[in-house]
Amino acid sequence: MFLKGPFKVTIPTLQSLSKPFLTTTPIFYVNAAPHLGHLYSLVLCDSIARFQKIFRTDRPVFSSTGTDEHGLKVQTVAQEQNKRPLDLCTENSQRFQNLAVLANTAYSHFIRTTNKQHVAAVQGFWNQLKEKKYIEFQHHEGWYSTSDETFYPESALQRIVNEKTGEEELVSTETGKKVQWSSEMNYHFKLSSLRSRLIELYEQNPNFVQPSIYHNQVLSELKSGLQDLSISRPRSRLSWGIPVPNDDFQTIYVWLDALVNYLTVAGYPWNSSDPASGGWPADVHIIGKDIVRFHCIYWPAFLMAAGLPLPKQILVHSHWTMNKVKMSKSLGNVIDPFELIKDYGEEIVKYYLLKQGRLTSDSNFEIEGLEKDYEHDLRRNLGVLTSRIQSKKLYVSEEVQKEWTSPIMGIEKHQEYINHLSQLPDTCAAYAHQGQMHAFIETLQNTLRSATKLLQESEPWNLESNSPARTDVLMLTAHTLRICGILFQSVIPQKSSELLDQLGVPKGNRTFKDAKDTFIATQFNLGKKQKNHLFQKKTPASTINSSISETFIKS
Ligand code: MSP
C-alpha cells in the first residue's frame, strides 16, 4: 500500500502474538531538500527501532518515515518553479527516501501523504470525527502562518522590522515566521471540549511525553486554556490538499492530514482487522521540539475524539544548530547530509549525531567534533582494542576457551568490572527506552576504556601462556567487545557486524539476551589477525583541509 522499506519485515506468526513495536519519524515537508536536522530525526528513530529488534525477538519491529506533501507551501513553491505540485512532491519525496536508504535506516514503511490509501484514511478519519460530533462549520478569523501551517493567537505574535525590506511585519514569537490575517468560513474541531480529558491524560501518565520538561510544558499550556481548532481551509485558498468529504469547497487542514499518516502506516481503517496487527497504538513517535503542540495536544485530542487508542509515548528531541543558530533551509545554514555521508560514510555520521544530539538542549554541528569522535571513540577506543586482542601474542587455544566459563583467578580480582559488565545491557536498555542515545553510547565507551585499562594493567603479553590470569583478562576483554558489539548494533550496525564477525560471534547469538549472558560460551578468534582493521587511520575527508565544514553547507 505504501512504499515498503528496503528491509524485510517479519510478519507475526501465530506463535508471536505480541503487538509489533511501532516507532515513527515525523513526515518531512517536501518544499525543501533534506538537511542534517532531518537526518537526526531519522537516525534517532532508527537506533530505537534497531535496539528493539535485538531487545525482543518475539515481535516484529515497524519503523515508519515519509513525506508530508500537501499544503500552501508546496502549492506556492510548485507555482514558482512552474511545476505540477505532484511532480515536485515526487521529486523531493525521492530525495528523502534516498537519504533514508543512504543512511542505512531500517525503515519498514515510507509513506507519502499523496498516496491513495492515505487520502482514504484521512477522509475516513474525518468522517469518524464528524460522526462523533466533534466537527462544526463556522466563520473563522485569525493570524495564519503559511510557513508553519497554523493559526496563532495574538499573544503568540510580535512586530519586527524586516532587515531586507525595512518594512514592519507581524511574526510568530516562537518561530519568527510571518503571519497574515485570514477571515473565512471553515470547519472547526471542538478541541476546547477535550481540555479536561487531555489534562487528565497528562496527569495520569507522567511518561506520556519524554523528556519530562516537554510533558510539563504541555500540561501548563493545557491548563492555561485551549481554543477550538480550524481544521479546513477554503479550496479557493488551498487547493493542494485532501478535499473535505461531501464538501467540494473545503480542503482538510494539512496538520490533520499529516498526523493521520501514523494511522495509515498501521493499516487504518482497520475494518474487521485488529489495529494491533499493524502496530497500533504506536510505541513511540519521535519528533523535534518545534512540533510539540501538534503531536502532544492536537494528535491525542483527535484520537480521543475518534475513540481510538493513543500512542504510548512521544519522544521529543532538540535541534541541530550551525554557528549556534537553528539549522533551517529558510536561514540557509543547513548541512547537506548527502555530502557529509559521501565523505565520511554513514556510520561515522550516525555515530556523531547520536553521540552529540540531545533531547533537551541544542547541539552545534562542528566537523572537528565529528573527526574527534571518530578518532577517539571509534578508531582508538573500539578499533585499537579489537586489533590488540587479535595480536598473535595473545592467542588462546580452543581447548582453553572451552574450559573457561568465568574468571578463574577468583572473582574478587575483577569483581567490580564483572558487575559492571553484567549490568551493562540493562543500563543501556534503560537509556534506549528513554531515547537517551548519547548516554547509551557514553556508557559503552566508558566500558571500552575500562577494558583497555584492564588489559594494560594486567599485561597479558608478559604472562605465561595458558595461565589462568592471562586467560581471564583476555576472555574478559573478548566478552566486553562481544557485549559492546551487540549493543552497538543499534547505532553502527555495519561496523558492529564486522566487529562481531572478527571476534567469531555467531550471527544467531547477537541479541540482547546474549549480551545479558555475560560469559556465554563463545569460541573467540583470539590472537588471530584479521585482514582489515575495523577503522582506518584517517577518515576519508580528514585530509582535505581544515575549513572542511564549509564544503557541507548547502547554499
Ligand atoms: N511535516 C511536519 C511534520 C509532520 S508529522 C505528522 C514537519 N516537517 S519538517 O520537515 O519541517 O521537520 C521534520 C522533522 O525534522 C521535525 O521533527 C523537525 O523537528 C526536524 N528538524 C528540522 N530541523 C531540525 C534541526 N535543525 N535539528 C533537528 N531536527 C530538526 O515539521
Side-chain angles (χ1 to χ4, degrees), residues 23-45 64-74 77 89 92-93 95-96 99-100 109-114 118 121-122 125 145-150 174-177 214 241 252-266 282 284-300 302-303 311 314-337 352-354 356-365 435 553-554:
T23 175
T24 65
T25 74
I27 48 172
F28 304 100
Y29 286 133
V30 285
N31 56 313
H35 64 65
L36 199 78
H38 302 134
L39 180 60
Y40 181 61
S41 284
L42 270 169
V43 158
L44 183 59
C45 180
S64 81
T65 189
T67 42
D68 186 353
E69 306 190 4
H70 293 125
L72 215 46
K73 264 188 284 186
V74 174
V77 173
C89 292
N92 282 347
S93 176
R95 293 160 95 173
F96 281 96
L99 180 63
H109 301 82
F110 189 97
I111 182 166
R112 296 185 54 186
T113 55
T114 46
H118 176 71
V122 172
F125 189 74
S145 158
T146 305
S147 188
D148 297 335
E149 299 281 17
T150 191
E174 191 186 335
T175 64
K177 295 285 162 38
Y214 299 109
I252 295 177
Y253 176 43
V254 281
W255 268 100
L256 174 55
D257 166 352
L259 287 162
V260 171
N261 95 83
Y262 302 129
L263 292 178
T264 315
V265 295
V284 54
H285 289 318
I286 286 143
I287 61 163
K289 66 179 179 182
D290 52 325
I291 50 178
V292 166
R293 187 180 316 118
F294 305 99
H295 282 83
C296 304
I297 297 183
Y298 300 171
W299 185 223
F302 289 151
L303 291 166
I314 298 169
L315 180 74
V316 186
H317 64 77
S318 284
H319 288 147
W320 278 87
T321 59
M322 186 72 199
N323 304 326
K324 309 271 175 189
V325 177
K326 184 191 170 199
M327 209 178 274
S328 89
K329 174 73 187 171
S330 49
L331 295 171
N333 63 342
V334 295
I335 296 288
D336 181 346
Y352 170 71
L353 288 179
L354 291 172
Q356 303 299 345
R358 293 290 182 277
L359 304 181
T360 52
S361 56
D362 290 349
S363 309
N364 198 44
F365 177 83
I553 303 178
K554 199 138 183 109

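As the structure lists them, so they are numbered: ligands from 1, and atoms in each ligand from 1.
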**OP:** Starting from the C-alpha separation in whole Å, work towards a yes-or-no answer on ring-ring contact (aromatic ring centres under 6.0 Å, His included) for F365 and Y352.
**Re:** CA-CA 9 Å; F365 177 83; Y352 170 71; 5.7 Å; yes

Original post:
Does Y262 reach ligand 1, in the sense of a heavy atom lying below 4.0 Å from it?
Top reply: yes

**OP:** Kindly say whether S64 contributes a backbone atom to a donor-acceptor pair with the side chain of Y262 at under 3.5 angstrom?
**Re:** no

Original post:
Should you measure from each heavy atom of D68, which atoms of ligand 1 turn up under 4.0 Å away?
Top reply: 1 (N), 2 (C), 4 (C)

**OP:** Can you sort out which atoms of ligand 1 are near H35, meaning under 4.0 Å from one of its heavy atoms?
**Re:** 22 (C), 23 (N), 24 (C), 26 (N)

Subject >> Enumerated ligand 1 atoms positioned under 4.0 Å from heavy atoms of A258 >> reply: 6 (C)

Original post:
Does the pair Y214 and S318 meet the rule for a side chain to side chain donor-acceptor pair (under 3.5 Å), with working shown?
Top reply: CA-CA 11 Å; Y214 299 109; S318 284; 3.2 Å; yes

**OP:** Taking only Lys NZ, Arg NE, NH1 and NH2, and the carboxylate oxygens of Asp or Glu, determine whether D290 and K326 approach each other closer than 4.0 Å.
**Re:** yes

Subject >> N or O contact, W320 vs ligand 1, cut-off under 3.5 Å >> reply: yes

Original post:
Which residue supplies the protein heavy atom nearest to atom 7 (C) of ligand 1, what is that atom called, and how far is it?
Top reply: Y29 CE1, 3.4 Å

Original post:
atom 12 (O) of ligand 1: which protein heavy atom is closest, and how many Å away?
Top reply: H38 CD2, 4.0 Å

**OP:** Check the pair D362 / K289 against salt bridge (charged side-chain N to carboxylate O under 4.0 Å, His left out), numbers first and verdict last.
**Re:** CA-CA 10 Å; D362 290 349; K289 66 179 179 182; 2.8 Å; yes

**OP:** Could you tell me which atoms of ligand 1, counted from 1 in the order shown, lie closer than 4.0 angstrom to a heavy atom of H317?
**Re:** 28 (C), 29 (N)

Subject >> Distance filter under 4.0 Å to G288 heavy atoms, resulting ligand 1 atoms >> reply: 17 (O), 19 (O)

Original post:
What protein heavy atom sits nearest atom 30 (C) of ligand 1, and how far away is it?
Top reply: H319 CD2, 3.7 Å

Subject >> Pair R112 + D68: basic N to acidic O under 4.0 Å >> reply: no

**OP:** Could you tell me whether I27 and ligand 1 have an N or O pair separated by under 3.5 Å?
**Re:** yes

Original post:
Against heavy atoms of I291, which atoms of ligand 1 measure under 4.0 Å?
Top reply: 16 (C), 17 (O), 31 (O)

Subject >> Residue pair H118, T113: steps toward the side chain to side chain donor-acceptor pair (under 3.5 Å) verdict >> reply: CA-CA 6 Å; H118 176 71; T113 55; 5.1 Å; no

Subject >> side chain to side chain donor-acceptor pair (under 3.5 Å) between S41 and H317, worked out >> reply: CA-CA 8 Å; S41 284; H317 64 77; 2.9 Å; yes

**OP:** I would like to know whether I286 and L42 meet side chain to side chain contact (heavy atoms under 4.5 Å, CB included); could you show each step before the answer?
**Re:** CA-CA 9 Å; I286 286 143; L42 270 169; over 6 Å; no

**OP:** Would you indicate which of P26, S363, G37 comes nearest to atom 24 (C) of ligand 1 when only heavy atoms are counted?
**Re:** G37

Original post:
Of all the atoms in ligand 1, which lie at a distance below 4.0 Å from a heavy atom belonging to D290?
Top reply: 18 (C), 19 (O)

Original post:
For ligand 1, does S41 get within less than 4.0 Å through its side chain, its backbone, both, or neither, judged by non-hydrogen atoms?
Top reply: side chain

Original post:
Among F96, W255, F28, which one has a heavy atom closest to atom 4 (C) of ligand 1?
Top reply: W255

Subject >> E174 bridged to R293 by N-O distance under 4.0 Å >> reply: yes

